[in-house]
Amino acid sequence: VDFEGRWFSVRGPAITPRPPQGQPVVAVLAGLPGAFELAARSADVVFTTPRSPEDVRTLIGEARSHEQSVGRLGEPLRVFGDLVVLLADTEASAVARKERLDELDGCELSSEAAVFVGSPEGLADLVTEWRAAGLDGVRLRPAVVPHDLDMIAQDVAGLLRRSGVMGEPDGSASLRRRLGLERPESRYAA
């Protein structure tokens, strides 16, 4: 890198190989003004907080509009929805579980993202609906670990795989590849 500073100097190129994904995935949560512009300029993924399929379409439109306004080149942003998840075998038992947790906490569960309270089947249907509306994916945030995380991993993932919304895991794929992102060329290759 031929670096020379006040305390040390290094001659020659870096001796470590590039990581398999080329460079880390950059993600931005588009919850504040200017976040879509920041994402359009420098991110690979933008997390949004839709509440309905109409919100999904609006948020995707906003992401694409900012991509155009900043002159984004290359791959478009991957737009993901953020969803807090509280699950049980049935919707009624999920609602009862949430009421118990709210009572224990002394306030109602809230988030900048929508809060889904229901069954794994209901969640799989919602994810499928949001994907059909145009989202590239959904980030599921378990309300309670390990209970909700286990239900996402065991029940919801299976339902989404069987319906074709989610592919089979590929242990050899990098995060970039799982997100459908190309491995970028090294900016130092030239």
- Task: Check the pair Arg78, Glu75 against salt bridge (charged side-chain N to carboxylate O under 4.0 Å, His left out), reporting the backbone distance first and the verdict last.
- Result: CA-CA 9 Å; Arg78 298 301 188 263; Glu75 293 186 87; 3.1 Å; yes

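- The shortest side-chain heavy-atom distance between Thr90 and Ser119 does not fall under the 4.5 Å cut-off.
- For the pair Arg97 (side chain) and Leu87 (backbone), a donor-acceptor distance under 3.5 Å is present.
- Of the residues Val79, Val46, Leu77, the one that meets the side-chain contact (heavy atoms from CB on, under 4.5 Å) test with Asp136 is Val79.
- Under the 30°/60° scheme for interplanar angles, the aromatic rings of Phe3 and Phe8 are found to be tilted.
- A 4.5 Å side-chain heavy-atom check between Val70 and Glu37 finds at least one atom pair inside the cut-off.
- The shortest distance between side-chain heavy atoms of Asp82 and Glu112 falls below 4.5 Å.
- The main-chain N or O of Val26 is found under 3.5 Å from a side-chain atom of Asp44 such that the two form a donor-acceptor pair.
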- Query: Is there a salt bridge (charged side-chain N to carboxylate O under 4.0 Å, His left out) between Asp105 and Arg100 once you walk through the steps?
  - Reply: CA-CA 9 Å; Asp105 195 33; Arg100 264 192 333 275; over 6 Å; no

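- Contact check for Arg176 versus Pro184: side-chain heavy atoms found under the 4.5 Å cut-off.
- The side-chain heavy atoms of Val28 and Phe36, taken from C-beta on, include no pair separated by under 4.5 Å.
- Looking only at distances, a side-chain donor or acceptor of Thr128 sits under 3.5 Å from a matching main-chain atom of Ala124.
- Between Leu109 and Leu101 the shortest side-chain heavy-atom distance does not fall below 4.5 Å.
- Annotation for Glu185: atom CD does not count as buried by contact number, only 12 or fewer foreign heavy atoms lying within 6.0 Å.
- The only member of Arg57, Glu62, Arg64 that meets side-chain contact (heavy atoms from CB on, under 4.5 Å) when paired with Ile60 is Arg64.
- Closest approach of Trp130 and Pro50 over heavy atoms only: CH2-O, 3.3 Å.
- The side-chain heavy atoms of Asp89 and Met151, taken from C-beta on, include a pair separated by under 4.5 Å.
- Around the CD atom of Glu121, the shell of radius 6.0 Å holds more than 12 heavy atoms that belong to other residues, nucleotides or ligands.
- None of Glu108, Glu103, Glu91 except one satisfies the salt bridge (Lys or Arg N to Asp or Glu O under 4.0 Å) rule with Lys98; the exception is Glu108.
- In this structure a side-chain-to-backbone donor-acceptor pair under 3.5 Å is present from Arg72 to Ala40.
- The shortest distance between side-chain heavy atoms of Leu86 and Phe116 does not fall below 4.5 Å.
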